[in-house]
Amino acid sequence: MKNIYNKISYIGIAAVMMLFASCTFDEQVDPNGPSVDGVESNATIGQLNELVVGVEASARNGIAIETTASGTMARELYLFDADPRNTGDLLGKNGIGLDNNSFYSTSQWNGSYRCIKNANLLINAATNSNAVSDEERRGYIGFAKTMIAYELIQMVKSYDRARVDVADENNLGPVLEKDEALAEIRTMLNEANTDLTGATFLFNLSAGFNGFNDASSFAQYNRAVAAMAAVYAGDGGAAITALGDSYFDLMGDLNNGPKHLFATGGNDALNGLFKLQSTTVENQNNGDQIIVHDSWINDAEPGDTRVANKAALRPDPTASQDDLVGAYETRLYASSTSPIDILRNEELILLYAEASMLNSSPGDAVTALNVIRNAAGLPNYTGGLDDASLTTELLNQRRYSLWCENHRMFDLRRFGLSNTLPIDRAGDVIYNTLPIPLSENE
């Protein structure tokens with residue numbers, strides 16, 4: 001971020017107002033680019049609330065590319081479009097290496113750190129504002145720190161490292177490896193949770209955060225993210241505790257949780273993972289499409305409803321691109337304005353299963369895994385209770401529940417299973433980590 005971070009500036013609210021049209025603000029400021037100094041010195045409530053909108057809106061940046069890039073590397077999908085790097089670089093065609101200055105290495109990094117920049121501006125602005133009480137100030141800060149922590153976890157998932165200390169853009173901290181980064185992230189989440197305790201939200205979040213739009217309910221989201229970070233750090237006990245304070249519910253709606261929203265307005269963003277359905281052979285071969293890797297179809301248990309819900313047979317299932325063939329294409333999102341889950345209860349149940357395994361509680365893990373299996377139309381798990389058997393089952397359920405959601409590459413890498421992936425063409429290479437952008441070289 002030495003170059004990237006310093007170039008990011010405060011987002012004008014005009015670019016994201018369409019998403020939050022129902023929100024009202026106490027005071028409006030110049031939407032064409034108020035200065036950073038202007039909001040950091042003694043921000044009004046209106047300016048602080050605009051920064052909140054900017055944080056939430058910029059959290060959507062880079063989602064489509066990070067998902068398709070990591071999904072391609074993990075052999076859960078192909079992206080058939082006009083850019084040969086999607087079927088070349090990311091699959092190591094003929095041994096080609098990953099480029100640290102290409103869209104797939106820079107898009108997510110830039111997007112996440114833009115959100116982080118806005119969140120740090122919000123923290124500084126709230127800290128230095130005389131317009132809010134201490135409880136209100138802690139609401140802004142707890143929200144911002146939680147959003148930063150979530151973005152940093154995405155960095156760890158894709159790059160296996162992250163630059164955590166970026167509050168002072170003139171004195172950036174080092175890029176930390178996974179374990180050290182997760183430790184810092186977990187500390188940040190706990191600080192944010194303390195900030196949220198007894199805090200007040202003066203701001204409105206979008207409808208994507210319905211049910212999580214005041215300090216106490218947003219703290220449940222904070223604890224959900226903390227549980228995810230704890231599991232990734234191998235701390236099952238802390239994960240179980242955090243889940244108990246979150247919206248985790250074994251018997252609850254699997255889809256409950258915050259979501260990214262999209263809209264068709266000229267100043268908003270569309271869901272980049274939505275692809276038009278191929279209805280004929282002709283339109284199948286025009287435009288771009290997310291192709292489901294054949295192994296995801298072939299390895300599924302009979303009757304798994306997640307397959308039919310997320311994939312559909314192509315008009316010509318033998319059609320190929322760049323010597324790659326996939327008979328199915330995505331049906332994960334119904335339209336270009338379909339929301340994208342940030343962290344839903346289905347994932348929390350899978351995190352509970354993994355945390356239970358870390359805590360040597362295989363019975364609890366099986367209970368959770370059966371909730372996921374039964375929801376997908378599958379019978380209860382009947383395999384072994386040893387670590388190896390349960391790990392295989394856990395990863396299989398994550399594979400089908402979280403398909404095309406930027407999880408598979410990280411799951412295989414953290415369990416040392418990347419070498420089990422299929423090779424799609426002779427000469428292809430398996431990569432399991434995106435390169436840090438060239439501009440970040442220290």
Under the 3.5 angstrom rule, does the side chain of [X] hit a backbone N or O of [Y] as a donor-acceptor pair?
X: S105; Y: P437; result: no
X: R60; Y: A57; result: yes
X: N396; Y: T392; result: no
X: R137; Y: A126; result: yes
X: S338; Y: S335; result: yes
X: Y400; Y: V307; result: no
X: N359; Y: G237; result: yes

Side-chain donor-acceptor pair under 3.5 Å between [X] and [Y], yes or no?
X: N271; Y: S336; answer: no
X: S133; Y: E136; answer: yes
X: Y104; Y: D89; answer: yes
X: S356; Y: D364; answer: no
X: S158; Y: Q108; answer: yes

Quick one: does [X]'s side chain get under 4.5 Å of [Y]'s, heavy atoms only?
X: Y381; Y: L390; answer: yes
X: D235; Y: L358; answer: no
X: R75; Y: L91; answer: yes

Picking from T146, N190, T241, what satisfies side chain to side chain donor-acceptor pair (under 3.5 Å) with R223? N190
When R344, R398, R399 are each screened for salt bridge (charged side-chain N to carboxylate O under 4.0 Å, His left out) with E405, the one that passes is R344
Member of N42, N124, I45, T44 meeting the side-chain contact (heavy atoms from CB on, under 4.5 Å) criterion with S129: N42
Let me know which of I123, N49, T200 forms a side-chain contact (heavy atoms from CB on, under 4.5 Å) with Y140. N49
From I116 atom CD1 to R114 atom CZ, the distance as rounded to the nearest 0.5 Å: 12.0 Å
Side-chain donor-acceptor pairs of residues 244-259 under 3.5 Å, sequence neighbours excluded:
residue	atom	partner	partner atom	Å
S246	OG	L243	O	2.8
S246	OG	F248	N	3.1
Y247	OH	L343	O	2.4
D249	OD1	M251	N	3.0
D249	OD1	G252	N	3.3
D253	OD1	N255	N	2.9
K259	NZ	N255	O	2.8
K259	NZ	D341	OD1	2.5

Determine whether D386 and S389 satisfy the following criterion, side chain to side chain donor-acceptor pair (under 3.5 Å), listing intermediate values before the conclusion. CA-CA 6 Å; D386 57 285; S389 297; 2.8 Å; yes
Is it true that F218 and Y221 have ring centroids separated by less than 6.0 Å? yes
Check: Y232 ring centre within less than 6.0 Å of F410 ring centre: yes
Side chain to side chain donor-acceptor pair (under 3.5 Å) for D214 and S216? Distances and angles first, verdict last. CA-CA 6 Å; D214 61 23; S216 60; 3.2 Å; yes
Pairs touching residues 330-350 that satisfy ring pair (Phe, Tyr, Trp, His ring centres under 6.0 Å), sequence neighbours left out: none
Go through the steps for R373 and E393 under the test salt bridge (Lys or Arg N to Asp or Glu O under 4.0 Å), then give the verdict. CA-CA 10 Å; R373 291 180 61 87; E393 175 65 12; 2.9 Å; yes
